[in-house]
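For reference, the structure is listed below as structure tokens.
Small disclaimer: the values here were computed from a predicted structure and weren't measured. All chains are named by letter (A, B, ...) in the order of the sequence lines, taking the proteins before the strands, and each is independently numbered beginning at 1.
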2 protein chains.
Amino acid sequence: MDQDSWLDDDQLAAWVRLAAVMELLPGELDSQLRRDAGLLHFEYFVLAMLSEAPERTLRMTELAALTTATLPRLSHVVRRLEDRGYVRRAPCPGDRRATNATLTEAGWEKVREAAPGHSATVRRLIFDALTPRQVDQLREIAGSVLGHLDPRADKAAVYTRYDGGR
Amino acid sequence: MDQDSWLDDDQLAAWVRLAAVMELLPGELDSQLRRDAGLLHFEYFVLAMLSEAPERTLRMTELAALTTATLPRLSHVVRRLEDRGYVRRAPCPGDRRATNATLTEAGWEKVREAAPGHSATVRRLIFDALTPRQVDQLREIAGSVLGHLDPRADKAAVYTRYDGGR
DNA sequence: TCCTAACAGTTGACGCTACAACCATACAGC
DNA sequence: GCTGTATGGTTGTAGCGTCAACTGTTAGGA
């Protein structure tokens with residue numbers, strides 16, 4: 001742990017700001033979605049991923065990879081979503097260890113209802129403050145960090161129509 | 001909520017990657033600090049802010065602003081840190097509503113012990129994946145978003161020696 | 001075939017955060 | 001000086017995420 005593990009001034013300045021954003025943003029997203037749709041951001045994200053999947057169905061493991069969540073976390077969340085009627089779970093015919101999660105009609109309606117407000121919030125909180133050039137830079141930067149942070153998570157980035165099927 | 005509240009493709013690609021990073025990074029930081037120093041990232045951040053303050057002392061409200069935390073959250077965290085001997089609370093002489101939090105000697109030692117490993121982790125997870133040019137871009141982007149997200153939080157950015165007094 | 005290891009998922013307990021309610025102090029207007 | 005309001009902070013509760021433990025299933029060898 002020698003000298004060159006320290007951050008230089010530029011890195012430090014970038015990190016302090018990034019850390020503050022990371023601290024504030026999730027709360028803002030949760031708060032808007034909770035107020036307008038009764039969903040947490042992560043719950044919305046789960047529903048959105050299902051809404052884009054073939055048959056609106058995904059195996060829990062795959063859904064976990066797409067949402068960069070641990071399996072226990074996803075299991076709890078999906079149980080709560082199932083209790084509310086947005087998702088249905090069924091054993092996977094091919095592999096009896098696995099569980100398929102399917103978006104119900106009510107879940108589909110919920111995503112479509114929540115999507116516009118959520119998109120608008122993301123745009124307002126992040127992109128209204130950035131130039132088009134900075135949006136490109138952000139995509140590159142976040143992509144590099146993500147690939148470096150968890151190669152598995154790169155899968156998530158292929159899902160571009162994240163907003164629930166506009 | 002009309003058409004122009006949607007995100008365009010560039011924005012969507014940037015956002016999906018950023019969201020994934022935001023989901024993964026906090027866990028990684030907590031996990032390293034917890035393993036190596038028995039602290040959560042937010043606890044470390046609180047101790048670090050105190051370590052940089054005059055007299056290693058700050059009022060709760062000011063500390064909350066620096067750490068972009070709500071007052072209830074900070075109150076709970078500081079109580080736990082006090083139980084562990086890292087922080088001491090005392091009524092503020094000037095304003096009897098207020099409470100001053102002071103870093104103890106043990107807290108100072110703890111920050112100094114944890115700082116190198118934490119800095120190295122931040123560098124490894126984020127900056128090793130970026131060019132110097134991208135570090136500048138990230139600082140600008142995060143700064144803009146932060147200023148737009150919560151003007152109060154801009155205060156946090158002035159604290160550059162975030163790592164606990166290297 | 002049997003036996004082991006890996007995989008898929010669920011559950012329960014514990015810890016942290018958000019929210020609301022609350023108390024005490026300070027301050028401003030009259 | 002009194003009253004109303006804003007400020008500073010703490011506490012209790014409910015809800016979500018993590019971790020460890022566990023069940024059931026599949027696959028790979030001897």
Side-chain angles (χ1 to χ4, degrees), chain A residues 22-35 38-47 57-84 87-102 150 152, chain B residues 22-35 38-47 57-84 87-102 150 152:
Chain A
M22 261 178 27
E23 198 68 49
L24 291 171
L25 205 42
E28 294 294 320
L29 296 173
D30 280 341
S31 145
Q32 178 270 321
L33 272 168
R34 175 150 191 171
R35 175 167 38 80
L39 291 173
L40 298 175
H41 178 240
F42 183 72
E43 293 173 332
Y44 172 81
F45 198 93
V46 167
L47 298 181
T57 297
L58 285 169
R59 285 174 51 158
M60 292 294 281
T61 302
E62 200 168 351
L63 186 53
L66 290 172
T67 57
T68 69
T70 61
L71 214 35
R73 179 185 184 188
L74 184 64
S75 184
H76 286 302
V77 169
V78 168
R79 175 176 44 72
R80 292 189 288 260
L81 290 174
E82 191 172 27
D83 290 343
R84 292 201 265 162
V87 170
R88 193 170 50 245
R89 276 185 293 188
C92 175
D95 184 341
R96 288 194 309 194
R97 293 172 299 182
T99 304
N100 283 330
T102 303
D150 178 10
R152 184 195 77 155
Chain B
M22 262 177 26
E23 198 68 50
L24 291 171
L25 205 43
E28 294 294 321
L29 296 174
D30 279 342
S31 147
Q32 178 270 322
L33 272 168
R34 176 152 189 166
R35 177 166 36 80
L39 291 173
L40 297 176
H41 178 239
F42 183 72
E43 294 172 331
Y44 173 81
F45 199 93
V46 167
L47 298 181
T57 298
L58 286 169
R59 285 174 53 156
M60 293 294 283
T61 303
E62 200 169 351
L63 187 52
L66 290 172
T67 57
T68 69
T70 61
L71 216 34
R73 179 186 183 188
L74 184 64
S75 184
H76 286 298
V77 169
V78 168
R79 177 177 44 71
R80 292 190 288 260
L81 291 174
E82 191 172 26
D83 290 344
R84 292 201 265 163
V87 170
R88 194 172 46 246
R89 276 186 293 189
C92 175
D95 184 340
R96 287 194 310 195
R97 292 172 300 182
T99 303
N100 283 329
T102 303
D150 178 10
R152 185 194 77 155

How many whole angstroms separate atom [atom1] of [X] from atom [atom2] of [N]?
X      : N      : atom1 : atom2 : result
A:L40  : C:dT17 : CG    : C1'   : 12 Å
B:N100 : D:dG8  : CG    : C1'   : 12 Å
B:E23  : D:dC16 : CD    : P     : 14 Å
B:F42  : C:dC16 : CZ    : P     : 12 Å
B:H41  : C:dT17 : NE2   : P     : 12 Å
B:R89  : D:dG8  : CZ    : P     : 17 Å
B:D83  : D:dT11 : CG    : P     : 11 Å

Looking at B:R79, I'd like to know if its CZ atom is crowded, meaning that more than 12 non-hydrogen atoms belonging to other residues, nucleotides or ligands lie closer than 6.0 Å.
yes
A:R34 atom CZ, over 12 foreign heavy atoms within 6.0 Å:
no
Once the angle between the rings of A:F45 and A:H41 is folded into 0 to 90°, is it parallel (under 30°), tilted (30 to 60°) or perpendicular (over 60°)?
perpendicular
Determine, step by step, whether A:C92 and A:M60 satisfy the side-chain contact (heavy atoms from CB on, under 4.5 Å) criterion, reporting the C-alpha distance in whole Å, the side-chain angles of both residues, the deciding distance to 0.1 Å, and the verdict.
CA-CA 10 Å; A:C92 175; A:M60 292 294 281; over 6 Å; no
Is there a side-chain contact (heavy atoms from CB on, under 4.5 Å) between A:L39 and A:L47? Walk through the geometry before answering.
CA-CA 10 Å; A:L39 291 173; A:L47 298 181; 4.1 Å; yes
Any residue of residues 73-82 of chain B with a heavy atom less than 4.0 Å from an atom of DNA chain C:
B:R73, B:H76, B:V77, B:R80
Identify each atom pair where a protein N or O and an N or O of nucleotides 3-8 of chain C are less than 3.5 Å apart, giving names and distance.
unit_1	atom_1	unit_2	atom_2	d
C:dC7	O2	A:R97	NH1	3.3

Proximal nucleotide (of D:dT11, D:dC16, D:dA20) relative to the A:P72 side chain:
D:dA20
OG1 of B:T57 to CZ of B:R88: how many Å apart, nearest 0.5 Å?
7.5 Å
Take B:T67 and B:R73, measure what side-chain contact (heavy atoms from CB on, under 4.5 Å) needs, and give me the verdict at the end.
CA-CA 11 Å; B:T67 57; B:R73 179 186 183 188; over 6 Å; no
Are the side chain of A:E62 and the backbone of A:R59 linked by a donor-acceptor contact shorter than 3.5 Å?
no
By nearest nucleotide on DNA chain D, pick out whichever of A:E43 and B:R34 is the more 5' one.
A:E43
Of all heavy-atom pairs linking A:P26 and B:M22, the shortest is CG-CE, 4.0 Å
